[in-house]
Enquirer: 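To start, I am sharing the structure in question, which I have written as structure tokens.
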Number of protein chains: 2
Amino acid sequence: MNTKIKIKDIADELNISSTTVSFVINGKAKEKNISKAVAQKVLDLVAEWGYQPNSLAKSLRTGKSKIIGFLVDDISEPFFSRIARLIDEKASEHGYKILFSSTRNNNEKAKELLQIFRDRHVDGYVIALPEGLESEIEKLINTQVPVVLFDRYVPGIETDYVVTNNDESVFEATQHLVNNGYRNIGFITIETEQQQMLDRLAGFKRVIEANNLKNNVLKIDYQNSENSIKQMKKFFEINQNLDAVIFAANYICMDGLRTFKQLNINPLNNIAIVSFDDFELLEFYNPPITAIAQPVEQIAENIMKILLSKLNGQLQISEHKQVVLPALLNVRSSTLKRV
Amino acid sequence: MNTKIKIKDIADELNISSTTVSFVINGKAKEKNISKAVAQKVLDLVAEWGYQPNSLAKSLRTGKSKIIGFLVDDISEPFFSRIARLIDEKASEHGYKILFSSTRNNNEKAKELLQIFRDRHVDGYVIALPEGLESEIEKLINTQVPVVLFDRYVPGIETDYVVTNNDESVFEATQHLVNNGYRNIGFITIETEQQQMLDRLAGFKRVIEANNLKNNVLKIDYQNSENSIKQMKKFFEINQNLDAVIFAANYICMDGLRTFKQLNINPLNNIAIVSFDDFELLEFYNPPITAIAQPVEQIAENIMKILLSKLNGQLQISEHKQVVLPALLNVRSSTLKRV
DNA sequence: CTGAAAGCGCTTACAG
DNA sequence: CTGAAAGCGCTTACAG
């Protein structure tokens with residue numbers, strides 16, 4: 001194996017200085033008036049020896065790590081892992097790599113992670129912000145490092161974010177239920193201050209109020225799946241006459257379907273279903289379930305567009321871009337017109 | 001904001017040398033005979049000022065980055081993202097972070113990534129090896145850096161790996177079908193040399209041969225979902241009399257279910273199904289689908305146990321651990337006894 | 001018990 | 001057109 005070659009080796013071999021080699025390697029030959037002949041010699045030797053700069057040394061010197069920190073609740077949630085993949089693709093194209101970690105609903109851990117990322121001189125951040133970390137994130141932003149939030153924004157914090165139009169998309173979905181004849185619609189969310197969840201609820205309420213319908217909302221005190229199912233069971237027992245239900249997130253929907261199974265409620269005949277976040281299960285369920293699909297590709301694209309333009313200086317750190325993207329309502333037979 | 005504090009600042013403030021501060025911070029106070037009083041002063045100031053070492057400088061000096069490279073086909077595949085989450089948890093406990101990237105079936109990209117990881121002085125690797133990268137991986141292993149393969153091993157390469165017992169688990173699943181009265185079983189896999197896929201096929205064949213059954217195997221030339229469905233349609237049309245089918249992987253099963261839908265085959269009545277890899281969809285499908293569940297937690301645990309013991313020197317780099325874990329057959333109604 | 005100094009491998013302001 | 005030298009912030013062998 002090639003015992004790590006360094007700039008000095010190249011310089012010595014060619015009887016020139018490290019400075020010149022460094023300039024050539026970094027494409028500054030022209031700018032620095034290096035003669036074509038010398039530049040070519042360097043390039044040739046670099047190719048021949050397969051020289052690769054030590055990025056650690058480079059980072060220490062320049063203060064740039066070419067690493068982006070990606071922080072989410074749980075990387076194994078489909079929505080997040082899909083974003084992760086797309087972000088990584090874009091980042092790789094520009095020489096950045098992704099360092100990720102899951103906060104797993106643990107704020108202490110999240111704070112630590114932020115600190116660790118900072119120590120590692122991460123150049124930029126992509127974060128789905130856990131509740132309660134608002135002030136930490138403000139501190140981070142104040143250090144003049146680019147931070148793009150996604151999935152949820154935080155009212156009152158001036159920063160870049162890319163989110164789905166939660167309010168509007170749930171409004172549409174609820175309206176779709178009303179149009180199809182449903183009148184007693186339940187909305188199942190979690191007890192939280194997370195903005196995206198509040199927005200989804202708001203969209204629901206707008207329709208309910210406009211149509212003078214009953215406001216059947218369950219806010220689950222979410223601990224785990226089991227506990228969540230227990231609360232849903234109670235809710236469905238009390239509200240026997242629901243003719244439709246909207247689940248405000250992927251994992252809530254999963255628990256909802258489990259609840260139906262346990263209660264022997266057959267969505268096919270008894271109740272219409274809409275879920276926020278589309279995933280394969282919904283397409284294959286019997287009946288196939290109507291879902292609000294977040295525009296994952298567009299979300300990832302926008303995140304990276306903002307982040308990269310800040311990273312390469314095209315966009316001022318202090319100038320904040322806020323992108324709200326429309327979702328798609330995939331109508332399936334779980335919400336057929338009521339007869 | 002605290003304009004980054006460094007060791008020198010602490011040393012100056014306390015009128016001692018950077019050496020002493022460094023020793024104390026790295027817990028070598030005793031070993032280096034630093035007086036308790038001095039050590040305490042340092043610790044106090046570190047706490048007060050919230051000093052955090054610059055990990056870049058540390059890495060450059062020590063040659064250790066405290067970063068683990070995680071390389072898979074696609075981080076958004078549920079199996080991989082779940083492993084990612086678990087690995088990250090374990091790694092974090094030991095001060096390591098995960099740098100990931102998806103190779104997306106692109107060997108050139110995979111080679112590049114390996115190179116990039118090397119430049120970044122990744123301390124260790126967790127890899128689901130793409131086909132055709134065998135020699136690259138051997139080179140990597142020869143650089144004496146710990147590499148743990150998972151999901152698939154490569155016969156002939158001496159390295160650490162953690163895999164599921166693919167052969168045995170498919171053998172069991174196939175036997176289960178035979179026991180329940182199925183006699184014309186199809187096996188759908190992809191055209192590949194990937195060892196885990198070959199092993200799954202081998203497990204199937206063992207049962208087929210032992211019972212003198214017909215060997216109905218489809219090896220899909222996998223390009224994309226659409227193309228894959230086309231090939232399955234043809235297969236099912238030719239083999240009208242199949243009474244059961246085993247899908248050799250998650251994504252193949254998804255395409256299989258789509259094919260059934262398009263062909264109007266109702267698995268409920270017409271055909272038994274088994275899928276490799278268990279995921280929520282299978283549990284909720286109608287009928288619920290029998291699945292071979294890989295022991296994800298155990299896989300992740302074993303990977304990290306091996307990797308960490310090599311990283312901290314408890315295990316020789318040259319000593320290779322190879323772990324084969326049993327899978328669980330989750331029997332559901334898609335494979336009920338034939339009547 | 002403690003410190004001065006070298007060095008990890010780069011980049012870049014400065015000098016010529 | 002090119003180079004000597006300082007410095008990024010650590011760690012550690014060596015000296016006392």
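Letters A, B, ... mirror the listed sequences (proteins, then strands); counts begin at 1.
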Enquirer: Considering only side-chain heavy atoms of A/L60, which listed nucleotide, C/dT11, C/dG9, D/dC10, is closest?
Expert: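 Nearest to the side chain of A/L60 among the choices is C/dG9.
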Enquirer: Rounding to a whole Å, what distance do you find between B/E31:CD and C/dC1:P?
Expert: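 Atom-to-atom, B/E31 to C/dC1, this comes out as 15 Å.
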Enquirer: Whole angstroms only, please: what is the NE2-C1' distance between A/H121 and D/dG9?
Expert: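 It is 9 Å, rounded to the nearest whole Å.
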Enquirer: Looking at the side chain of B/R61, which of D/dT11, D/dG9, C/dT11 is the nearest nucleotide?
Expert: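 Nearest to the side-chain atoms of B/R61, counting from C-beta on, is D/dT11.
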Enquirer: Please determine if a side-chain N or O atom of B/S22 lies less than 4.0 Å away from the OP1 or OP2 oxygen of D/dT11.
Expert: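 It does, given that an N or O in the side chain of B/S22 lies less than 4.0 Å from OP1 or OP2 of D/dT11.
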Enquirer: Which nucleotide sits closest to the side chain of A/N26: D/dA13, C/dT11, C/dA4?
Expert: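 Output: C/dT11.
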Enquirer: Could you please name the option among C/dT12, C/dC1, D/dT11 that lies closest to any side-chain atom of B/S35?
Expert: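 Among C/dT12, C/dC1, D/dT11, the one nearest the side chain of B/S35 is C/dC1.
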Enquirer: Side chain of A/Y51, heavy atoms from C-beta onward: which of D/dC10, C/dG3, C/dC10 has the nearest atom to it?
Expert: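 Of all the options, the side chain of A/Y51 is nearest to C/dC10.
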Enquirer: Could you tell me how far apart B/L56 (CG) and C/dG7 (P) are, to the nearest whole angstrom?
Expert: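 Interatomic distance, CG of B/L56 to P of C/dG7: 22 Å.
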Enquirer: Would A/N302 and A/Q298 count as having a side-chain donor-acceptor pair, cut-off 3.5 Å?
Expert: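 Not at all, the side chains of A/N302 and A/Q298 share no donor-acceptor pair under 3.5 Å.
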Enquirer: Mind checking who C/dA4 pairs with, Watson-Crick or G-U wobble, both distances under 3.5 Å?
Expert: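 C/dA4 is unpaired by these criteria.
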Enquirer: Thinking salt bridges, do B/D73 and B/R152 make one under a 4.0 Å N-O criterion?
Expert: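 Here B/D73 pairs with B/R152 in a salt bridge, since their nearest N and O are under 4.0 Å apart.
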Enquirer: Can you find a pair of side-chain heavy atoms, one from B/E13 and one from B/D9, that are under 4.5 Å apart?
Expert: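 Side-chain contact under 4.5 Å: no.
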Enquirer: When you get a sec, tell me which of D/dT11, C/dT12, C/dT2 is the closest nucleotide to the side chain of B/T62?
Expert: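 The listed nucleotide nearest to B/T62's side chain is D/dT11.
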Enquirer: What is the distance from CD1 of A/I34 to P of D/dG3, rounded to the nearest Å?
Expert: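 Result: 8 Å.
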Enquirer: Looking at C/dG3, D/dT2, C/dC10, which one has an atom nearest to any side-chain atom of A/V38?
Expert: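 For the A/V38 side chain, the nearest candidate turns out to be D/dT2.
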Enquirer: Quick check for you: among D/dG7, C/dG3, D/dC10, whose closest atom lies nearest to any side-chain atom of B/K6?
Expert: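 The nucleotide sitting nearest to the side chain is D/dC10.
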Enquirer: Between D/dT2, C/dT12, D/dC10, which one does the side chain of A/T20 approach most closely?
Expert: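 Between D/dT2, C/dT12, D/dC10, the one nearest the side chain of A/T20 would be D/dT2.
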Enquirer: Any base atoms under 4.0 Å from A/K36, or only sugar-phosphate, or nothing? Heavy atoms, all strands.
Expert: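 Since no nucleic acid heavy atom lies under 4.0 Å of A/K36, the category is nothing.
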Enquirer: C/dA13 pairs with which nucleotide, Watson-Crick or G-U wobble, both distances below 3.5 Å?
Expert: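 Partner of C/dA13: none found under 3.5 Å.
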Enquirer: Give a yes/no on whether any side-chain N or O of B/K64 is located under 4.0 angstrom from OP1 or OP2 of D/dT11.
Expert: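 Checking B/K64 against D/dT11: no side-chain N or O falls below 4.0 Å of OP1 or OP2.
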Enquirer: Is there a donor in the side chain of A/K97 and an acceptor in the side chain of A/S92, or the other way round, less than 3.5 Å apart?
Expert: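 Looking only at side-chain atoms, A/S92 and A/K97 do form a donor-acceptor pair, the distance falling under 3.5 Å.
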Enquirer: If you look at every strand shown and take non-hydrogen atoms under 4.0 Å, does B/N54 touch a base, only sugar-phosphate, or nothing?
Expert: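 Counting heavy atoms under 4.0 Å across all strands, the contact made by B/N54 is with sugar-phosphate only.
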Enquirer: Looking at A/T19 and D/dA4, is any side-chain donor or acceptor paired with a base atom of the opposite kind under 3.5 Å?
Expert: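 Yes, the side chain and the base share a sub-3.5 Å donor-acceptor pair.
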Enquirer: Side chains of B/H94 and B/M304: does their closest heavy-atom pair fall under 4.5 Å?
Expert: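 Heavy-atom side-chain distance check fails, nothing below 4.5 Å.
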